[in-house]
Student: 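Before we start, here is the structure in question, set down as structure tokens.
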Amino acid sequence: MRTRIAHTIEIFEAARKPLFTVLDGISREDLDWQPAHGMRGIGKIFRHVYRVDVWFLKRLGITPAIEKDAPGPAEEIAERMRTIQEQIISEVNACESDADLAADRTSVDGKTTSRMGETVIHIAQHYLYHLAQMTYLRRMRDRDWSAPLDEWEAATHIIGDRILE
């Protein structure tokens, strides 16, 4: 029998994978492009996703491995995201039981509590929400770009399989 820890990692991995497809081969111009004044383009959405991951780690009482957030090329954004995501996976793997995954954890500032499992699933949902936006924006800029539809579909099936078990 698979544990909730394994299911949580499986869902998280499936949701994060297509994000990197959006960054793969994107030009700096397309990364920095904004669809309209005051609206987020792909680069700003990625930086938002990264900042939210850092915020969630702090809510779980975990000091992020890195907090640096600065505009940069796609490779730098991807590296920062991988570092934080690998930290998230490591923290889930450090849970000794399903009960540990569901236990309340106190934030770094001591003001709130969160649960690891719920938070990591929330992060995965956040990725898929923004993936749709970034895919749309990338296709606006490059109609020949192949969207990560297979990866998105795989993530959807993994989530559905875990919920309906």
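Positions are given from 1, in the same order as the sequence printed here.
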Student: Just jot down the ring-ring contact (aromatic ring centres under 6.0 Å, His included) partners of Y50, sequence neighbours excluded, or say none.
Tutor: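 Per chain and number, Y50 pairs via ring-ring contact (aromatic ring centres under 6.0 Å, His included) with no residue.
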Student: Please round to the nearest 0.5 Å and tell me the distance separating atom CD of E151 and atom CG of L128.
Tutor: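 Between E151 CD and L128 CG, I get 11.5 Å after rounding to 0.5 Å.
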Student: For M116 and I62: C-alpha separation, side-chain torsions, deciding distance, then whether side-chain contact (heavy atoms from CB on, under 4.5 Å) applies.
Tutor: CA-CA 10 Å; M116 176 71 73; I62 301 164; 3.9 Å; yes
Student: Under 4.5 Å between side-chain heavy atoms, counting indirect links through other Ile/Leu/Val/Met/Phe/Trp/Tyr residues: same cluster for I84 and V108 or not?
Tutor: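 No; V108 is not reachable from I84 via cluster members.
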Student: Report the C-alpha distance between W145 and V22 in whole Å, list the side-chain angles of each, state the deciding distance to 0.1 Å, and finish with yes or no for side-chain contact (heavy atoms from CB on, under 4.5 Å).
Tutor: CA-CA 9 Å; W145 176 70; V22 175; 4.0 Å; yes
Student: CG of D32: more than 12 outside heavy atoms within 6.0 angstrom?
Tutor: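 It does: D32 CG has more than 12 such atoms within range.
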Student: Given Y127, which of K17, R16, Q85 fulfils the side-chain hydrogen bond (donor to acceptor under 3.5 Å, both in side chains) condition?
Tutor: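 Result: among K17, R16, Q85, Q85 is the only option passing the side-chain hydrogen bond (donor to acceptor under 3.5 Å, both in side chains) with Y127.
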Student: Are the side chains of V49 and I123 in contact, using a 4.5 Å heavy-atom criterion?
Tutor: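 No; the side chains remain at least 4.5 Å from each other.
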Student: What is the distance from atom CG of L57 to atom OG of S114, rounded to the nearest 0.5 Å?
Tutor: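 Result: 10.5 Å between the selected atoms.
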Student: Report yes or no: do T106 and T113 form a side-chain donor-acceptor pair below 3.5 Å?
Tutor: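 No, no side-chain donor-acceptor pair sits under 3.5 Å.
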Student: Does Y136 belong to the same Ile/Leu/Val/Met/Phe/Trp/Tyr cluster as W33, with side-chain heavy atoms less than 4.5 Å apart forming each link?
Tutor: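 Yes, one cluster joins them.
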Student: Can W55 be reached from I88 by stepping across I, L, V, M, F, W or Y side chains whose heavy atoms are under 4.5 Å apart?
Tutor: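 Linked within one cluster.
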Student: Output yes when D30 and R138 qualify as a salt bridge under the 4.0 Å nitrogen-oxygen rule, no when they do not.
Tutor: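 A salt bridge is absent here (no side-chain N lies under 4.0 Å from a carboxylate O).
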Student: Is there a donor-acceptor contact under 3.5 Å linking the side chains of H122 and Q125?
Tutor: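 Their side chains do not contain a donor-acceptor pair, so the 3.5 Å distance test is not met.
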Student: Start with the C-alpha gap between H130 and H48, add the side-chain angles, then the distance that decides, and say whether side-chain contact (heavy atoms from CB on, under 4.5 Å) holds.
Tutor: CA-CA 10 Å; H130 286 299; H48 159 76; 3.2 Å; yes
Student: Transitively linked via ILVMFWY side-chain contacts under 4.5 Å: M140 with I45?
Tutor: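 In one cluster: yes.
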Student: Test side-chain contact (heavy atoms from CB on, under 4.5 Å) on M39 and K44; report intermediate values, then the result.
Tutor: CA-CA 9 Å; M39 294 184 70; K44 284 189 177 183; over 6 Å; no
Student: Side-chain heavy atoms nearer than 4.5 Å, only ILVMFWY residues, links allowed to pass through others: does that put I66 and F46 together?
Tutor: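 Linked within one cluster.
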Student: With sequence neighbours excluded, tell me which residues meet salt bridge (charged side-chain N to carboxylate O under 4.0 Å, His left out) with E67.
Tutor: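 Only K58 meet the salt bridge (charged side-chain N to carboxylate O under 4.0 Å, His left out) criterion with E67.
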Student: Taking side chain as C-beta onward, heavy atoms only, is L131 less than 4.5 Å from P148?
Tutor: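 Yes, side chains in contact.
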Student: How long is the straight-line distance from CZ of R162 back to CD1 of I121, given to the nearest 0.5 Å?
Tutor: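 Result: 10.5 Å between the selected atoms.
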